[in-house]
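Encoded as structure tokens, the structure appears first; notes follow it.
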Amino acid sequence: MALCGVGLSPSFESFEVVCVGGNLSARRIRPSLMRAIGKSSDWKRRPCLGVRCSSLKLDGNAQTDISVPVEEESGHVIKFKMSDFKVLDRVSVGLGGRAGEVVFEAVVKDTDSPLYNTQVVLRRLTSVRAQRRGKRAIEVLKKLARRRLMYHSYSMQVHGYISSAISSGRSSFTLVHGYHGSFSLRHWLQQSDWLPTLEATLALDKESVRRVGDDTVGGSAVSRQLRMIRILMRDLLIGVNYLHSHGLAHTELRLENVHISPVDRHIKVGILGNAADFYDDSPNCGTADNNMDRRQMMIAFDMRCLGFMMAKMVLRELMDPLIFTKFKSFLTKGNDPSCLREFLLQILHRNSSSGNAGLQILDRNWGAGWNLLSLLLATEPSKRVSCLDALTHPFLCGPRWRVVPSIDIIRWGLGSTALRISEEYIYGQPQRSRLSHFIELMEMLNPNSRPKNWLELLPGKWRLLYCTGRHIGLTFRQPPEQVLIGHVHLTVSRVSKLNTSLLFASDIGFTVMIGQDWPHDKAGVDGKLQVNSLFRLMAGRRLYLKEEEKNTEKLSNPSNTRDAFAQKVSGRKWKKALPFKESPSSLPVAKLVSSGIDEVTMNLGDPLSKSINSATNVVREVRTQVPPEMFDLSKLVCGTYVDTRLLVIRGVNGSALLFTRSCFDESCK
């Protein structure tokens, strides 16, 4: 795979083609039947598209030529004549040039060249900025030449360039690089049958899937898509890590710049014309610490770009510019990427991941995909995952590879599983037991137990997912007013940064269904109930009682719950995950001390708002269905788990309320 450049101009004095070679005869690319496509705006400005070649040598006075130092020409840069190329009449859609570029395809016709009969891409660079990119691609080649096998596998190999002087006194510069099919990765994903076509292009077999830890070929559409994403992402990460290990950042990782070679079945991460050095050797570069900060920021930028690429590969809805703009706006406004699932369910207008292949892929393996996506898109650059750590992440490792998860992955998996179970809305005894078990495990693995951590993480808007207390619905009752509960939110805000006072606001949305056909018609009168209360946050501990009485053994009291929980965590499955050998007698919590009287307000639409009896019945029914802690906030006694995504608060009766962080900006929806 090579990069060849041809300079095309209405008035050619002469032409020279430079080939950046090195072991080029070891690998030849068969000529493809794909066509080439040019940029329309540049074609209009240049009506003469013919290529005129001359065997005349350039004048020695032509100082405007872009040339390579003589000492380099005998190594990785070899000069060719323009007559060695045959320019084709079309250009592939995946090679569309940027501003200041005109793209052609050509075939090397010189029988003495190691690239004979090889199809290449000629990228004519017309602007100063574009020519700077071309020169930079040559410089990067020289820097990466020591490990040429990796360079050939994961980047578009640059063969050379053509430089010549034209009549106006300016220089013409054309970069020549390898041809890797007619589609970029973006064009692949935009095809309706992209998955089977890409599988056929990569010729997936059992040997291929073993590279990602899998042992099967085929399966359901979700399994096949997950396998393909693993192959593509692992290749991308290996290629980008190759650049990072050589002190370079790509800086232009986008689906449009990435191609898939059907020859060696590798991802090509572009011609590296915008690759930047980690370390600045100029006199004004500053200290070594500044260089390290520069390196960290550049790596973090590349990882964020990889996160955007992964998101588009998994969720094809993000290929829509409007939806992707909302997605990117959510991140640029400072929202934590760990809450992306809650946000995407809203903008995709879904209550759960069922029926969407992309959401199902991210939900698999205890939500490992969401975890990797949040690490790639982390708000703080220092918290973004590196290429090597991403390659060992459970999401990119198949079932044949045994990956020992970190405590963070285990904690994330527990929360994701509890969230998924709560979305099923099937609260039988098995589901209720599992949810209680996972919440207990989360509390034992709480990473933020200090009041200082709670004051940083607790403020925000939280949506109620589940309560381990009572659940009373409408199915077997005949209340005077049929009320359907919508979203229940808990909004926490700090009163002052000088103390630990917090304002809790409970917002309960509901619909009062009118008529006897409410099981089939959920339309009705909307209403909202809001409760405000003031709390002080203090350090405290939650005690597990050891005594139990015989006559209460069958009841679900705290002592029985603790004993049953201790038996579960003593097994081999959780021994290695938990930071202690036996169940503790107490755990640190954030104690919530109510310091104000609850203020209750209700808004109810017509005609129910005009009837006091109807409003009273509605309030009574809302209190029946909603956990009592959400109506009487003073019954909240302590917070037992909090992170950027999930929150667990215990009530005075011992029941746990599980929340997930919600998006503040409703306009994002």
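In this structure, OG1 in Thr417 is found 5.0 Å from CH2 in Trp366, a value given to the nearest 0.5 Å. The structure places CE of Met313 at 8.0 Å from CE of Met310, a figure rounded to the nearest 0.5 Å. The distance from atom CE of Met538 to atom CG of Leu592, rounded to the nearest 0.5 Å, is 10.5 Å.
In this structure, the side chain of Ser533 does not engage the main chain of Ser634 through any donor-acceptor pair within 3.5 Å. Judged by distance alone, with hydrogens and angles left aside, the side-chain atoms of Gln625 form a donor-acceptor pair with the main-chain N or O of Val483 at under 3.5 Å. Put simply, the side chain of Asn335 gets close to the backbone of Phe330: a donor and an acceptor are under 3.5 Å apart. A donor-acceptor pair under 3.5 Å links the side-chain atoms of Arg294 to the main chain of Asp277, judged by distance alone. Under a 3.5 Å cut-off, the side chain of Ser329 and the backbone N or O of Thr325 do not form any donor-acceptor pair.
In summary, of the residues considered (His250, His244, Arg384), a side chain to side chain donor-acceptor pair (under 3.5 Å) with Asp302 occurs for His244 alone.
With hydrogens and angles left out, the side-chain atoms of Trp454 and Asn448 include no donor and acceptor closer than 3.5 Å. For the residue pair Ser436 and Glu440, no side-chain donor N or O sits within less than 3.5 Å of a side-chain acceptor on the partner. In this model, a donor atom of one side chain and an acceptor atom of the other lie less than 3.5 Å apart for Ser416 and Arg645. Residues Asp389 and Ser386 bring a donor and an acceptor atom of their side chains to less than 3.5 Å of each other.
When the salt bridge (charged side-chain N to carboxylate O under 4.0 Å, His left out) test is applied to Glu443, the partners found at least two apart in sequence or on another chain are Arg542, Arg650. Legend: residues meeting side-chain hydrogen bond (donor to acceptor under 3.5 Å, both in side chains) with Asp336, ordered by chain and number and at least two apart, are Ser338.
In this pair, Phe308 and Phe324 present their aromatic rings perpendicular. The plane angle is above 60°, beyond the 30 to 60° band.
Under a cut-off of 6.0 angstrom, the local environment of CZ in Arg234 is crowded, with over 12 non-hydrogen atoms contributed by other residues, nucleotides or ligands.
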